[in-house]
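Heads up, the thing below is written out as structure tokens.
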Amino acid sequence: MVAFQPRPAAPLAPVLAVVAGIAAFSVMDAAMKAASLMAGVGTALLVRNLMATLLTLPLWLAKGRPVPTRKVALLHVQRSCVTAAMAALFFHGLVRIPMAEGMAISFFAPIIALWFAALLLGETIRPNAVLAALLGLAGMIVIAADRLGAGEYGPDAVEGTIAILLSAVLYALNLVMQRKQAMLAGPVEIALFQNMNVALLLLAFSPFYWTMPDATSLAWAGLGAVLATAALLFLSWGYARAEAQVLVPLEYTGFLWAALMGWLIFGEQLGMGVLAGAGLIVLGCLIGTRGTQKDTLG
């Protein structure tokens, strides 16, 4: 099998694709938080990935049933293992703390990913990428201070925070693996095998957590499956066409969607500190995407 060769893209196309993918993932987080609160994290994740596998199977068939080589298949499995652990930790934490706060804590991931990209992909870290990461970190600190000042942290919140911090480390590795994976396989292949592999992993452990979901939790998990599939397709396409350090700062836009979904669905309020932190995050994104044209493949 010949390695997947992405077609040339317009300079802003990868950026827009990744922004769309992050937005879809952020709204998916809200849907999965709702499903997890009703049916449990494990059940919600298993249902989501089973549904997502069914959604991507027709797309894979329409693409001519691309089958990965052994090397690429191993990469699919490796990333699926990281993704499964990352998602379980993230939603375990997210049901215990507000969405915007959880997203803010997870912003450690893009910062770590910049250095993973240098270590694993051989990318050179440029000053604007470092500055973008620092601005994002500053925004995260402002947001966290605002949330911490709003009330006491109980045991559940501490557990949730630790879970999301651990998830963030795995997410950083996932971001870099995503870049490598996107250079070897097409978006549809990645979406199918990741959804399927994660579903199989979760299914193996299902006797320890499974509860029968009701119609409402199934609906939320189904929405999560649609959004997760769309996000995988957008992100795989975008990461095949630009360097990880160009796209990683765009992860910060997920906070804006998390804050909006938290307010609309769960009634979570935003303070001025949260808005100030969001401003720093957006500024970091703008700085981080400078030079996109020079770094875009094709």
Side-chain angles (χ1 to χ4, degrees), residues 22 25-26 28-46 48-49 78-116 133-134 136-178 198 201-202 205-206 208-209 211 224 228 248 251-252 254-255 257-259 261-262 265-266 268-271 273-274 277-278 280-281:
I22 292 165
F25 259 137
S26 299
M28 181 273 294
D29 287 343
M32 290 302 296
K33 177 173 181 174
S36 297
L37 287 169
M38 296 176 188
V41 172
T43 298
L45 282 173
L46 176 55
R48 183 198 73 177
N49 282 88
Q78 289 171 339
R79 188 182 171 209
S80 296
C81 291
V82 172
T83 299
M86 174 196 77
L89 285 167
F90 182 75
F91 289 112
H92 180 82
L94 200 61
V95 298
R96 289 165 171 77
I97 61 177
M99 282 196 62
E101 183 179 332
M103 183 62 70
I105 295 168
S106 73
F107 282 158
F108 275 117
I111 296 165
I112 300 169
L114 289 171
W115 308 105
F116 273 152
L134 291 174
L137 177 59
M140 186 200 70
I141 292 172
V142 171
I143 293 162
D146 180 80
R147 291 291 186 179
L148 287 170
E152 295 183 357
Y153 247 23
D156 271 359
V158 172
E159 181 181 337
T161 299
I162 292 172
I164 291 180
L165 281 171
L166 292 174
S167 176
V169 176
L170 292 176
Y171 189 40
L173 180 59
N174 175 70
L175 285 172
V176 178
M177 293 178 74
Q178 176 175 276
V198 171
L201 286 168
L202 292 170
F205 292 96
S206 61
F208 300 101
Y209 62 75
T211 57
V248 157
E251 294 289 324
Y252 298 133
F255 168 78
W257 292 101
M261 292 299 104
I265 299 174
F266 305 106
E268 299 165 1
Q269 300 299 313
L270 291 178
V274 178
L280 288 171
I281 290 166

For [X] and [Y], which heavy atoms make the closest approach, and how far apart are they?
X: Thr83; Y: Asn174; result: OG1-OD1, 3.3 Å
X: Ala30; Y: Met261; result: CB-CB, 3.6 Å
X: Gly224; Y: Ala31; result: N-CB, 4.1 Å
X: Ser80; Y: Val198; result: O-CG2, 3.6 Å
X: Ala258; Y: Ser26; result: N-CB, 4.3 Å

- Phe205 CZ: over 12 foreign heavy atoms closer than 6.0 Å: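 It does not: Phe205 CZ has 12 such atoms or fewer within range.
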Separation of [Y] [atom2] from [X] [atom1] (nearest 0.5 Å):
X: Ser206; Y: Leu45; atom1: OG; atom2: CG; answer: 12.5 Å
X: Leu134; Y: Leu280; atom1: CG; atom2: CG; answer: 11.5 Å
X: Asp156; Y: Thr161; atom1: CG; atom2: OG1; answer: 10.5 Å

Which atom pairs, donor and acceptor, lie under 3.5 Å between side-chain atoms of residues 85-100 and protein residues at least two apart or in another chain?
residue	atom	partner	partner atom	Å
His92	ND1	Arg96	NH1	3.4
His92	NE2	Glu159	OE2	2.6
Arg96	NH1	His92	O	2.6

- With a 4.5 Å heavy-atom cut-off, do Leu37 and Phe266 have their side chains touching?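 SC-SC contact between Leu37 and Phe266 confirmed.
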- Message: Please check this pair: side chain of Thr211 against backbone of Ala39, looking for a donor-acceptor N/O pair closer than 3.5 Å.
- Response: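 It does hold such a pair.
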- Message: I'd like to know if the side chain of Ser167 reaches the main chain of Ala163, judged simply by a donor and an acceptor atom lying under 3.5 Å from each other, with no hydrogens or angles considered.
- Response: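 Between the backbone of Ala163 and the side chain of Ser167 there is no qualifying donor-acceptor contact (under 3.5 Å).
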